[in-house]
Amino acid sequence: MIKFARAALLIVDVQKGIDVAYHAADGPRNNPEAERNIARLLTAWRRDNRPIIHIRHDSTFPASAYRPGQEGNNFKSEVAPARGETVIPKRTNSAFIGTELERTLRGTGIDVLLVSGVSTNNSVEATVRMAGNLGFHTYLVADACFTFARRDFHGRLRTADEVHSMSLANLHGEYCTVINTADALADP
């Protein structure tokens, strides 16, 4: 049985900027219940007073909806940090690069991570790879993440589910264990 009693819930980039149209230029997102699943995880983690870390992307690109000072930089209301919860800003796709994340985790003795957020094939994948490489026991909650349709290297359109599934396949077994929200919530 997986033990999440001391696992930190990591919520990556679930900000209003993800809803801006340019993200879906090649097609719609998958996992329409992702925010609801993250909220379910948040409720359980808050109830049990387990560690929660919100990652906020502070883009440095002028055209980015995630740039500070814009509405898109704000967290989505259903998964917004509560008072006292840790918020770690980042400027790259990995939540570990140029941030206090690793120091925060190690300083509190946390070595198990439960990762959720957006987008699966970008910031989530980069963060999970780093977590695995740094030796954290990492679990990626597949139905608490989402991405968008995208063209592959050869120009073929891939659905959001295909892009999401390929990211999960890239990560599972080497960098993390892929689970679903129900798995995380079933663990005492």
Side-chain angles (χ1 to χ4, degrees), residues 7-26 29-31 34-35 38-39 41-42 45 51-108 110-136 138-142 144-151 153 160 163-164 166-168 170-171 174-176:
L9 175 60
L10 197 64
I11 304 167
V12 180
D13 299 351
V14 186
Q15 296 159 254
K16 294 179 181 180
I18 199 65
D19 292 334
V20 173
Y22 67 76
H23 291 290
D26 288 324
R29 65 177 265 189
N30 69 328
N31 281 351
E35 291 92 339
I38 296 168
L41 293 168
L42 263 173
W45 257 246
I52 298 166
I53 301 174
H54 301 264
I55 304 299
R56 185 187 69 229
H57 187 67
D58 289 345
S59 180
T60 58
F61 295 103
S64 174
Y66 278 95
R67 196 168 32 83
Q70 301 182 92
E71 182 67 16
N73 188 253
N74 296 330
F75 289 102
K76 291 182 132 193
S77 60
E78 60 266 49
V79 297
R83 182 177 226 189
E85 291 177 353
T86 302
V87 176
I88 296 181
K90 69 176 182 64
R91 292 185 171 179
T92 67
N93 55 7
S94 173
F96 286 97
I97 302 294
T99 73
E100 295 296 314
L101 180 57
E102 183 180 8
R103 184 181 324 204
T104 298
L105 295 168
R106 301 233 191 259
T108 54
I110 295 169
D111 65 351
V112 180
L113 303 178
L114 196 70
V115 181
S116 63
V118 296
S119 56
T120 314
N121 60 307
N122 192 340
S123 293
V124 170
E125 187 167 340
T127 297
V128 168
R129 284 175 183 273
M130 283 289 293
N133 284 333
L134 291 169
F136 290 96
T138 307
Y139 297 86
L140 176 56
V141 188
C145 299
F146 67 87
T147 193
F148 296 88
R150 184 176 175 121
R151 295 193 178 278
F153 188 71
V163 175
H164 181 78
M166 185 53 70
S167 285
L168 299 178
N170 290 340
L171 297 169
E174 185 171 356
Y175 301 99
C176 72

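Values reported hereafter were calculated over all heavy atoms of this structure, with side chains retained and with hydrogens, waters and symmetry mates removed.
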Could you tell me which non-hydrogen atom of [X] sits nearest to which non-hydrogen atom of [Y], and how far apart they are?
X	Y	value
T104	T108	O-OG1, 3.0 Å
S59	P68	O-CD, 3.3 Å
C145	N31	O-ND2, 2.7 Å

Compare all side-chain heavy atoms of N133 with those of F96 and state whether any distance is below 4.5 angstrom.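 Contact flag for N133/F96 side chains = no.
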Less than 4.5 Å apart, any side-chain heavy atom of D13 and any of I18?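 Result no, sub-4.5 Å side-chain heavy-atom pair not found.
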Has [X] got a side-chain atom pairing as donor or acceptor with [Y]'s backbone, closer than 3.5 angstrom?
X	Y	result
T120	F146	yes
Q70	S64	yes
N93	N122	no

If you count the non-hydrogen atoms of other residues, nucleotides and ligands that lie under 6.0 Å from [atom1] in [X], is the total more than 12?
X	atom1	answer
Y22	OH	yes
R91	CZ	no
R150	CZ	no

Between K90 and T127, does any side-chain donor sit less than 3.5 Å from a side-chain acceptor?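 Distance-only check fails for K90 and T127.
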How about E71 and N74: does a side-chain donor come under 3.5 Å of a side-chain acceptor?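 Indeed, the side chains of E71 and N74 share at least one donor-acceptor pair under 3.5 Å.
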In chain order, what residues pass the side-chain hydrogen bond (donor to acceptor under 3.5 Å, both in side chains) check against [X], with sequence neighbours excluded?
X	result
T138	none
Y175	R129
N121	T147

Taking only residues two or more places apart in sequence, or in another chain, which ones meet I97 in a side-chain contact (heavy atoms from CB on, under 4.5 Å)?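 Testing I97 for side-chain contact (heavy atoms from CB on, under 4.5 Å), a comparison that skips the adjacent residues, returns T92, S94, M130.
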Going by side-chain contact (heavy atoms from CB on, under 4.5 Å), name the residues that satisfy it together with E78, two or more places apart in sequence or in a different chain.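 With neighbours one apart ignored, the set is E35, K76.
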Show every ring-ring contact (aromatic ring centres under 6.0 Å, His included) that has at least one partner inside residues 63-83, sequence neighbours left out.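 Residue pairs with at least one partner in residues 63-83: H54-F75, H57-Y66.
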Given L10, which of I55, T86, I88 fulfils the side-chain contact (heavy atoms from CB on, under 4.5 Å) condition?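 Of the listed residues I55, T86, I88, the side-chain contact (heavy atoms from CB on, under 4.5 Å) partner of L10 is I55.
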Criterion side chain to side chain contact (heavy atoms under 4.5 Å, CB included) on V115 and C176, from CA distance to verdict: CA-CA 10 Å; V115 181; C176 72; over 6 Å; no
V163 and F148: side chain to side chain contact (heavy atoms under 4.5 Å, CB included), yes or no, with the steps? CA-CA 7 Å; V163 175; F148 296 88; over 6 Å; no
Starting from the C-alpha separation in whole Å, work towards a yes-or-no answer on side chain to side chain contact (heavy atoms under 4.5 Å, CB included) for Q15 and N73. CA-CA 6 Å; Q15 296 159 254; N73 188 253; 3.5 Å; yes
